[in-house]
Amino acid sequence: MSTPISNTTLSHANLSNMQARDMASLLHPFTNLLTLRQTGPLVLERGKGVFVYDGAGKDYLEAMGGLWCTALGWGEEELVQAAAEQMRKLPFAHIFGGKSHEPGIGLAEKLKEMAPFPVGKVFFANSGSEANDSQIKFMWYAANARGQKNRKKIIARSRAYHGVTLASASLTGLDAFHKSFDLPFDFTVRVECPHYYRGAEPGESEEDYSARLARNLDAAIQREGPDTIAAMFVEAVMGAGGAMVPPRGYFEAITAVLDKYGILLVDDEVICGFGRTGNAFGCQTYNYQPDSMSIAKALSSAYMPISAVLLSPELVEIIEEEAVRIGGLWHAFTYSAHPVAAAVALKTLEIYQRRDTFGHVRKVAPHFQARLKALESHPLVGEANGVGLIGAIEMVADKKSKKNFEAAKGVGTKCGQICQEEGIIVRPLLNDRIALCPPLVISEAEIDELFDRFTRALDRTLDWARRETLI
Ligand SMILES: Cc1ncc(COP(=O)(O)O)c(C=O)c1O
């Protein structure tokens, strides 16, 4: 049995006043609470560009863009202005009961224009999880409207991350998000995660691996009954599950299977949307066409909480017909299309276009990817891979056999702590993977600084692992 948290020894003597206030009041998510009680939280005070600073003035290169989201970096004055102007003019208005406002309309129009697939209308929410829950409800609503009452199952992949609300967490394919929460709900059909480094058979090409995954998907659909499945959710690059790029031919192979059975493809672009992979959307980088899309995070460069669901004209038509039939579309949030969030998102999209932010990503990505790939020669690193300005390394106990460290040894977490000491913020993920996802505005010199700091941290993690006789 694990130690009850109330029995752990607290060492608060060295905590700052702010840390002590945090520990007495904030419930910390995605955190090892036992470790936190020993170390206290990192309390950030301000940010500029790709750096954030703590109360003592120490700088950290934010190599995760916050949570894969602060695309324009910190201190973007135009976004501050956009928020302030909208707050003065119309700080709140909703879109219930036939009301509307200009920022909401303008943002919906802009997203329709930018979308890489035909979009009928846009639905707004506040977070990626809410967008994905809305997607699931829309899929069920559309199935009911079509008289396909059994088409309610949703396919999602192991190690997928689609959020934490009840339905989106059910699609999330990571055990930690289900344990003790009585999840996942049983509408979820789980299929394999496409990770060539771990999943391919010896000697299997990327294309053959993709074809095998598509055959397995086909078999899963047959097993469940094709007419019981509404949709499949995908991320172009799997984010929180490990920052893993798909193998060559993967999306071509799986979309052919979905098309065969009339199963809709929901594209979760919450991380990949808006330039992360070098194109506006991840589905453009990997050449597939969804029926609907979830976006959030970089939509407003994370300066305001806002997310959206982009729906194909066919889905909009069927949803609106059903809403007319039953007397309304009874699904939205108080803050759907919040005018301040919408104004900030519109300004963000304007900046991306005016400054050619996605072009900048294409320009600096080869340098980022080359420095990332070079880490594969480090004694701790089994895989180093990515696309655009996203990537990850996987640390292994034995490079040849690809053997992972025991999870209980906490190698990834240790590396994350050392990174912090070295002035770089990264994200440790499952299987001792460390994700990198810096602001899109990062320069080549800052990319060098990122990898210099990261390499120092990896060297120190290696020294520690050797002292602990883990390697
Ligand atoms: C791909 C993806 N979908 C959905 C979500 C959930 O978004 P949120 O945390 O805003 O609810 C995330 C969050 O990281 C994500 O990465």
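Computed from a prediction, not measured in an experiment: that's the story for all the values here. Order of listing sets the numbers, starting from 1, for every ligand and every atom in it.
Lys402 forms a cation-pi arrangement with Tyr197, by the criterion of a distance under 6.0 Å to the ring centre and an angle within 45° of the ring axis. Both the sub-6.0 Å distance and the 45° axial angle are not jointly satisfied by Arg371 relative to the ring of Phe451.
In this structure, atom 8 (P) of ligand 1 lies nearest to the protein heavy atom Gly128 N, 3.5 Å. Protein heavy atom at the shortest distance from atom 2 (C) of ligand 1 is Tyr161 O, 3.3 Å. Nearest non-hydrogen protein atom to atom 9 (O) of ligand 1 is Ser129 OG, 4.4 Å. When hydrogens are left out, the protein atom nearest atom 3 (N) of ligand 1 is Asp268 OD2, 2.7 Å; that is the closest non-hydrogen contact.
With hydrogens and angles disregarded, a donor-acceptor distance shorter than 3.5 Å links the side chain of Gln86 to the backbone of Leu90.
Residue-ligand proximity, Ser127 to ligand 1, at heavy-atom distances under 4.0 Å covers atoms 10 (O), 11 (O). Those atoms of ligand 1 with a heavy atom of Lys297 less than 4.0 angstrom away are 12 (C), 13 (C), 14 (O), 16 (O). Within the listing of ligand 1, atoms 3 (N), 4 (C) sit less than 4.0 angstrom from a heavy atom of Asn132. Within ligand 1, the atoms closer than 4.0 Å to a non-hydrogen atom of Glu235 are 1 (C), numbered from 1 in the order shown.
Rounded to the nearest 0.5 Å, atoms CD1 (Ile154) and NE2 (His162) are 10.0 Å apart.
Residue Glu269 places no heavy atom under 4.0 Å from ligand 1. Between Ile271 and ligand 1 there is a heavy-atom distance shorter than 4.0 Å.
Between Phe177 and Phe30, the gap from one ring centroid to the other is short of 6.0 Å.
Other residues, nucleotides and ligands contribute more than 12 heavy atoms inside 6.0 Å of the CG atom of Asn32.
Put simply, the side chain of Leu174 reaches to within 4.5 Å of the side chain of Leu430, judged on heavy atoms.
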